[in-house]
Trainee: 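Right, I'll just put the structure down here and ask away after.
Naming: A, B, ... by sequence-line order, numbering from 1 per chain. These numbers were taken from a predicted model, which means no experiment stands behind them.
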Amino acid sequence: MSVEPPAPGAARHALPPALIHDLRTPLGQIIGYTELLVERAEEAGEREMVPDLKKVSAAGYRMLALLEENFASAVTGAPGDAGEGDEVGAGEGDEVGTGGEGGSPPAAGREGVRLADFIAGNREPILAEWEAFARTCTPASGAMDIMSLRDHANEMLTVIAADLRTHQGGHAQAEKSKGNAPADGGHAATAAEEHGADRAESGFTVEQMVSEYRALRASVIRLWTRARGELAPADLEDLTRFNEAIDQSLAESVTRYTKELDDSKEMFLAILGHDMRTPLGAVLTSARFMLDTQELEEPSLTLTSRIASSATRMVHMVGALLDFTRSRLGGGIPIERAAMNMGKAVHDVVDEMAAAHPDRDIDVDARGELQGEWDCARISQALTNLLGNALEHGSPGTVVTVETQGDEHEVAISVHNRGPVIPSGELNGIFNPMKPRDDAHQAAAGGPSGNLGLGLYIADRIVNAHNGRIDVASSEEDGTTFTVHLPRRG
Amino acid sequence: MTKILLVEDNEMNRDMLSRRLMRKGYQVILAVDGQEGVETAASQLPDLVLMDMSLPVLDGWEATRRLKSEPATRHIPVIALTAHAMSSDRGKALEAGCDDYDTKPVDLPRLLGKIEALLAAAAAAAPPPAEAST
């Protein structure tokens, strides 16, 4: 398989392009089959069908436009070609004195100028140097406001200077250098976090943002040591504290930066999912309507049922997309418990999947006490996803087994298939859809799989919402087993 | 009749695109993976190949490289088809030896334009077939 690994920075955001890729396949089929139908109808003089078909194809193109739009933002939004972050723009520049312009000239007492006063007094030259560096890494596309970013740097300097003046306990110091100091409503947190959020919005890569901090640090230290000449013990202490304050700001900025990017990705996925539902509904309704008339002849009948099946597949994908974004943005999949029998739920799911995969064998076995209170629709969805996964990855001709067993504490449902072993390194993150996918076409190779790689994630979230868990084991001898553990209500 | 080899693993895409091409008057032969694509091209010598890039067994890039390294098949124009609309994909396809590139979902008039342009260029460039294959 010769799929290139994603750029390092883009890896954690691999979901959108892969997902949009998956959505385009059934969409292309809908558009293609519809155009075939239009051509035939026009040739055959069946004019009355043409307007409806044109509506279907217009809906298809509308969805395609939505995907293209989102694909573009998914690609440009991912941090990719970061410049080398090691070169920091704190090289030359001689015109800085110990006394800043504007600030009060440093007192020339025996103690000398403390770093805090130095920063306060030399704000302008420090910021000028920092700004010169920031300009060198401004993304060409983003017409971003250097002045407002400069305001953040200025505010950060103020807070850092204030921080240097106050005494720090040993614990706070250690925590600060690890970026763990509590952001207890302090201004530093706000300035640094805002800075991170703005950088994400302006299209900076995380490397560029880190370089900025390095530049800020280097500017201050260079100017300070030059002004001080020989460093006294108090100066060293100031420098240490200064470094810690920068580390803390940096950690906050990075946290906000990544959160901002994730949020915007998930937000657009949510919007995409919603936007797709209407045109998709139009496609599916029209196709079903045409099939319901029972008046279609071959090949129109086949073409139309293929449109309907592609649209149905897309409905499932969009549903999965909405579940995914809901659970990420809204904090979990909502469940409604009611009395149900797990054995029956499993049977229903297996019957449905067996009908969809007539060429496969699915064995079912259920034992023990299976009555309990769970969300039947959601549990069925999770089981459908797990079973679909087993059918997709199980080798053709092998049996997929579903075993349900209840005891006094829990009901366990295991779904087992034979097939390629999941490498142990991948077992760990198997439920995480943000993991880079290199199998965008592997799924397609097995036929119209109709999932976005979100199935396992959603299954995991549903089981999690029931306070349960899913275990995975995979080996050459035993095959692959996903086991859902659902505790009884309580 | 102009013979086009369509190499595509997705059954629905294969069915849909081959129907559309046949309606436009082409003869369409099919292969479901890269390996089969290379073999079919060698045995059937189509006038043009439409090559999906994400293929099982042998992917489209490698299949194209093999077609272009075989004297018997290297003259056959190959159009890469991929769902990725990224410009790097275009470069990768051309690097592998593809003569042109189009994205899926297929815009049929656009694809037909590319097919006809390549067929015309191949017809103009190719001396009588007997000489071309040596």
Side-chain angles (χ1 to χ4, degrees), chain A residues 1-4 6-7 17-18 20-40 43 57 60-61 63-65 67-72 74-76 78 80-81 299 302-303 305-307 309-310 313 438-450, chain B residues 6-25 28 31-36 50-66 80-89 91-93 95-96 102-112:
Chain A
M1 192 160 18
S2 70
V3 175
E4 280 175 359
I20 286 165
H21 167 273
D22 288 359
L23 279 168
R24 285 162 67 115
T25 304
L27 188 51
Q29 291 158 358
I30 291 173
I31 292 174
Y33 279 121
T34 311
E35 285 181 356
L36 266 172
L37 277 173
V38 172
E39 282 174 22
R40 297 195 68 88
E43 273 174 23
S57 109
Y61 278 111
M63 287 189 276
L64 188 58
L67 288 183
E68 303 293 344
E69 224 171 76
N70 282 285
F71 184 80
V75 169
T76 54
D81 53 342
T302 306
L303 301 180
S305 29
R306 292 196 150 218
I307 293 174
S309 85
S310 288
R313 216 157 65 246
D438 62 355
D439 60 350
H441 62 267
Q442 254 185 347
S449 60
Chain B
L6 172 60
V7 192
E8 162 71 79
D9 62 321
N10 183 301
E11 192 272 331
M12 274 228 215
N13 283 345
R14 208 163 53 224
D15 175 75
M16 186 260 292
L17 193 52
S18 60
R19 280 175 193 262
R20 299 189 77 184
L21 290 170
M22 285 190 282
R23 286 182 56 79
K24 298 294 172 193
V28 181
V32 300
D33 61 51
Q35 182 65 39
E36 195 184 317
L50 289 176
M51 182 81 79
D52 182 27
M53 290 289 113
S54 307
L55 290 169
V57 188
L58 197 64
D59 69 33
W61 292 284
E62 183 54 32
T64 304
R65 256 177 241 122
R66 294 199 190 173
L81 294 179
T82 143
H84 296 279
M86 286 156 84
S87 58
S88 65
D89 281 346
K92 229 170 116 189
E95 213 171 87
D102 211 347
T103 52
K104 294 196 287 190
V106 165
D107 174 342
L108 195 65
R110 188 179 65 200
L111 180 62
L112 291 176

Trainee: Given 3.5 Å as the limit, does a donor-acceptor pair link the side chain of B:R20 with the main chain of A:L36, or not?
Mentor: no
Trainee: Does a side-chain heavy-atom distance below 4.5 Å link A:S309 with B:M12?
Mentor: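 With C-beta onward as the side chain, the pair touches.
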Trainee: Do A:Q29 and B:D15 get their side chains close enough for a donor-acceptor pair, meaning under 3.5 Å?
Mentor: no
Trainee: Between A:T302 and B:R19, is any pair of side-chain heavy atoms under 4.5 Å apart?
Mentor: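 They are in side-chain contact.
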Trainee: To the nearest 0.5 Å, tell me how far B:D107 CG sits from A:Y61 OH.
Mentor: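 Here the rounded value is 5.5 Å.
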Trainee: Decide yes or no for B:M16 and A:E35: does some side-chain heavy atom of the first lie under 4.5 Å from some side-chain heavy atom of the second?
Mentor: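 With C-beta onward as the side chain, the pair stays apart.
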Trainee: Please look at B:R23 and chain A and tell me whether the side chain, the backbone, both or neither of the residue comes under 4.5 angstrom of a heavy atom of that chain.
Mentor: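 Side chain only.
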Trainee: Salt-bridged, B:E11 to A:R306, with N to O below 4.0 Å?
Mentor: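 Yes, B:E11 and A:R306 are salt-bridged.
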